[in-house]
Amino acid sequence: MERTNIADLKNKFGQPVKIQGWLQTLRDQKRMQFLVVRDPTGAVQIVNEREHDPELAARISALTTESALTITGTPIENPIVKLGGLEMQLESLDVNNLAQSPLPFEPFGDTLPELDYRLDWRYMDLRRPVNALLFRIETAVVRAMREYWQKNNFVEMHSPKLMGSPSESGAELFTVEYFERKAYLSQSPQFYKQMAMAAGFERIFEIGPVFRADPSFTSRHMTEFTGVDVEFSWIESHQDVIAFHENWLRYIYQAIKDEFGPVIQEHFGKELVVPEVPFPQVTMAEAYAILKEQDYKLPPERKGDIDPGGERLLGDYIKKKYNHEYVFVTDWPISVRPFYHMRHPDKPELTRSFDLIGAGLEVTTGAQREHRYDVLARQAQEKGLGLETIQFYLDFFKYGCPSHGGFGMGLSRLLMIMLGLPNIREAVYLFRGPTRLHP
RNA sequence: GGGGGCGUGGUGUAGUGGCUUAACAUGCGGCCCUGUCAAGGCCGAGACCGCGGGUUCAAAUCCCGUCGCUCCCGCCA
């Protein structure tokens with residue numbers, strides 16, 4: 001017999017069906033036995049009269065919650081049943097896998113263990129429907145991204161994650177043994193994205209792992225995360241990148257709202273609002289002025305950057321003034337940007353770059369890249385980089401590389417913003433941090 | 001890497017010098033009851049209070065160290 005999803009039982013009243021799922025609750029009574037069985041589509045009550053089949057009844061009594069079961073029976077309408085007004089009359093029961101007892105924790109208990117403990121038992125935590133929903137949403141987000149890229153003639157890249165030399169800073173790289181020498185885990189596909197511009201691919205994207213050896217103990221950092229990278233050619237300024245970014249994001253939001261709007265409201269308590277374009281924009285200088293106006297004390301020692309508290313306050317300000325969840329902060333000083341960001345011709349201390357801040361959280365960094373060999377080499381030297389280690393990169397710009405720009409976005413951070421999650425560890429399948437390598 | 005906070009049965013909490021034989025909820029085991037549905041009732045098992053040292057007549061409680069977790073900062077996506 002073919003498996004029926006629990007959500008479809010309401011269309012099969014009176015017909016014998018097979019369902020497969022996990023035992024969520026067993027109410028084992030003297031005369032009757034009630035089982036609540038859950039699959040990814042929902043949950044249903046299954047009823048068995050003990051005297052109907054004493055052998056079956058005994059096997060049910062021996063069941064433990066969260067056991068994996070295959071059940072056949074007949075769904076019937078029953079308005080008395082609070083779970084959907086229907087139930088299933090039990091015919092047969094097969095235990096695929098009996099859950100040991102006690103469980104490490106109750107995924108459906110009144111109180112949940114704290115996050116770190118749940119991460120130890122992630123597969124149990126993921127049985128909670130809200131978590132299953134999160135990853136269905138992530139799947140749809142990525143699908144919407146790809147749809148938009150494909151409609152706009154983007155090519156997907158899969159750049160290597162093993163690198164022979166440190167690319168940008170070097171301080172935040174993981175080192176791995178590579179036969180007789182050392183290799184590094186990629187901390188960004190940046191250089192390879194730009195190589196594709198030199199290759200004439202014109203428009204590319206990549207969704208892939210990014211490794212950062214930063215000992216960051218925050219609710220928004222991971223040592224390995226999924227980066228969403230975009231790069232495209234023949235742009236006139238970073239404003240072309242910003243325009244693409246916001247239209248792309250709007251498309252994603254619309255797709256998610258269409259498919260999941262009500263369930264996001266129900267499970268995450270957040271109304272998903274499709275952001276209007278153009279998104280609000282402020283330059284770094286304006287952001288500074290706004291924060292000063294709000295009496296926010298910026299850390300004096302690091303002029304030119306905004307700290308997380310400032311980002312949150314700026315987000316609040318934009319929300320209040322423009323009723324918008326996102327804001328682009330543009331024109332960052334060269335001191336806090338990498339050498340490959342293009343500078344404003346008329347303001348050489350400022351870069352043609354931007355960050356996208358959503359709900360006070362930094363989610364994207366992007367820029368127009370410097371594609372002129374001489375300028376790029378000079379800027380690298382200014383930053384104190386040895387040209388030998390990046391010569392392979394500089395060479396991209398020797399033989400006809402068009403102007404270009406792009407951005408890198410954190411996938412899990414986008415999920416955090418969309419769903420209003422307080423901790424990135426909930427937004428990722430398996431968290432990797434300085435002290436977590438398992439499971 | 002710097003700073004703050006927290007570590008108490010499986011889990012979530014209470015207790016912050018003697019009233020503690022460490023409490024409550026949930027989960028687990030047993031029994032009873034019942035077309036139940038956040039089921040209900042009774043009984044039971046389960047914690048040397050993260051670990052090590054110290055102060056005190058007396059430490060879960062105060063001090064020191066250590067480990068773990070967590071939040072903030074730095075760094076970033």
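For the numbers below, each heavy atom of this structure counts, side chains included, while hydrogens, waters and symmetry mates do not. Just so it is clear: chains get the letters A, B, ... in the order the sequence lines come, proteins before strands, and each one is counted from 1.
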When the [atom1] atoms of [N] and [M] are considered, how many whole Å apart are they?
N: B:A23; M: B:C43; atom1: P; value: 15 Å
N: B:A60; M: B:C19; atom1: C1'; value: 16 Å
N: B:C75; M: B:U13; atom1: C1'; value: 36 Å
N: B:C72; M: B:G9; atom1: P; value: 26 Å
N: B:C33; M: B:G10; atom1: C1'; value: 28 Å
N: B:U8; M: B:A14; atom1: P; value: 11 Å
N: B:G30; M: B:G35; atom1: C1'; value: 24 Å
N: B:A22; M: B:U61; atom1: P; value: 15 Å

Across the strands shown, which category fits [X] at heavy-atom distances under 4.0 angstrom: base, sugar-phosphate, nothing?
X: A:Ser219; answer: sugar-phosphate
X: A:Asn78; answer: base
X: A:Tyr117; answer: sugar-phosphate
X: A:Gly227; answer: nothing
X: A:Leu112; answer: sugar-phosphate
X: A:Arg425; answer: sugar-phosphate

What is the distance from [atom1] of [X] to [atom2] of [N], rounded to the nearest Å?
X: A:Glu362; N: B:C76; atom1: CD; atom2: P; value: 8 Å
X: A:Gln89; N: B:U36; atom1: CD; atom2: P; value: 16 Å
X: A:Trp121; N: B:U11; atom1: CH2; atom2: C1'; value: 13 Å
X: A:Leu173; N: B:A77; atom1: CG; atom2: P; value: 13 Å
X: A:Phe217; N: B:G5; atom1: CZ; atom2: C1'; value: 16 Å
X: A:Ile60; N: B:U36; atom1: CD1; atom2: P; value: 18 Å
X: A:Asp116; N: B:C67; atom1: CG; atom2: C1'; value: 14 Å
X: A:Glu114; N: B:U8; atom1: CD; atom2: C1'; value: 13 Å

In Watson-Crick or G-U wobble terms, both distances under 3.5 Å, what is the partner of [N]?
N: B:C48; answer: none
N: B:C69; answer: B:G5
N: B:G18; answer: B:C57
N: B:G12; answer: B:C24

[N] phosphate, OP1 or OP2, under 4.0 Å from [X] side-chain N/O:
X: A:Arg312; N: B:C73; result: yes
X: A:Arg27; N: B:A39; result: yes
X: A:Thr365; N: B:A77; result: yes
X: A:Asn423; N: B:C71; result: yes
X: A:Arg31; N: B:C33; result: no
X: A:Thr435; N: B:C69; result: yes

Base of [N], side chain of [X] - is there a donor-acceptor contact under 3.5 Å?
X: A:Gln45; N: B:U36; value: yes
X: A:Gln29; N: B:G35; value: no
X: A:Ser216; N: B:C76; value: no

Practice item. Please examine the side chains of A:Gln190 and A:Glu231, heavy atoms only from C-beta on, and report whether any two atoms are closer than 4.5 Å. Key: yes

Donor-acceptor pairs are to be reported for all side-chain atoms of residues 5-15 of chain A against protein atoms at under 3.5 Å, with residues two or more places apart or in another chain.
| residue | atom | partner | partner atom | Å |
| --- | --- | --- | --- | --- |
| A:Lys10 | NZ | A:Ala7 | O | 2.8 |

Revision key, fill the gap. Scanning both residues in full, the closest heavy-atom pair of A:Ala140 with A:Phe260 reads CB-CE1, 3.5 Å

Exercise for review: Could you pick out which residue, A:Thr25 or A:Ile76, lies toward the 5' side of RNA chain B when each is mapped onto its nearest nucleotide?
Suggested key: A:Ile76

Review point. Starting at the 5' end of RNA chain B and moving along, which residue's nearest nucleotide shows up first, A:Pro113 or A:Ile424?
Key: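 The residue closer to the strand's 5' end, by nearest nucleotide, is A:Pro113.
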
Check your understanding: Are the ring of A:Phe225 and the six-membered base ring of B:A77 within the stacking cut-offs of under 5.5 Å and under 30°?
Key -> yes

Check your understanding: Does A:Phe34 lie flat on the base of B:U36, that is, centres under 5.5 Å apart and planes under 30° off?
Key ->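 It does: the two rings, one from A:Phe34 and one from B:U36, meet the stacking criterion.
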
Review point. Could you walk me through whether A:Phe407 and A:Trp248 pass the ring pair (Phe, Tyr, Trp, His ring centres under 6.0 Å) check?
Key: CA-CA 12 Å; A:Phe407 60 85; A:Trp248 173 75; 5.4 Å; yes

Check your understanding: Is it true that the NZ or CZ of A:Arg203 lies under 6.0 Å from the centre of A:Phe232's six-membered ring and within 45 degrees of the ring axis?
Key -> yes

Check your understanding: Run the side chain to side chain donor-acceptor pair (under 3.5 Å) check on A:Gln239 and A:Thr330 step by step: do they pass?
Key -> CA-CA 9 Å; A:Gln239 289 298 339; A:Thr330 65; 5.2 Å; no

Exercise for review: Using a cut-off of strictly less than 4.0 Å between a heavy atom of the residue and any atom of RNA chain B, enumerate the qualifying residues of residues 412-419 of chain A by number.
Suggested key: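 When residues 412-419 of chain A is checked for heavy atoms under 4.0 Å from RNA chain B, the hits, listed by number, are A:Arg413.
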
Does the plane of the ring in [X] sit parallel, tilted or perpendicular to the ring in [Y]? Use 30° and 60° as the thresholds.
X: A:Tyr429; Y: A:Phe135; answer: perpendicular
X: A:Phe174; Y: A:Phe211; answer: perpendicular
X: A:Phe191; Y: A:Phe339; answer: perpendicular

Practice item. Examine A:Phe154 together with A:Phe244 and report whether their ring centres are nearer than 6.0 Å. Key: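 Yes, ring centres under 6.0 Å apart.
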
Review point. Looking at A:His238 versus A:His245, is the centre-to-centre ring distance below 6.0 Å?
Key: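 No - the distance between ring centres of A:His238 and A:His245 does not fall below the 6.0 Å cut-off.
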
Exercise for review: Tell me which nucleotide among B:G12, B:G74, B:G29 gets nearest to the side chain of A:Ser101.
Suggested key: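 Nearest listed nucleotide: B:G29.
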
Check your understanding: Where the side chain of A:Glu172 is defined as all heavy atoms beyond and including C-beta, which of B:C75, B:G29, B:G74 is the nearest nucleotide?
Key ->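 Of all the options, the side chain of A:Glu172 is nearest to B:C75.
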
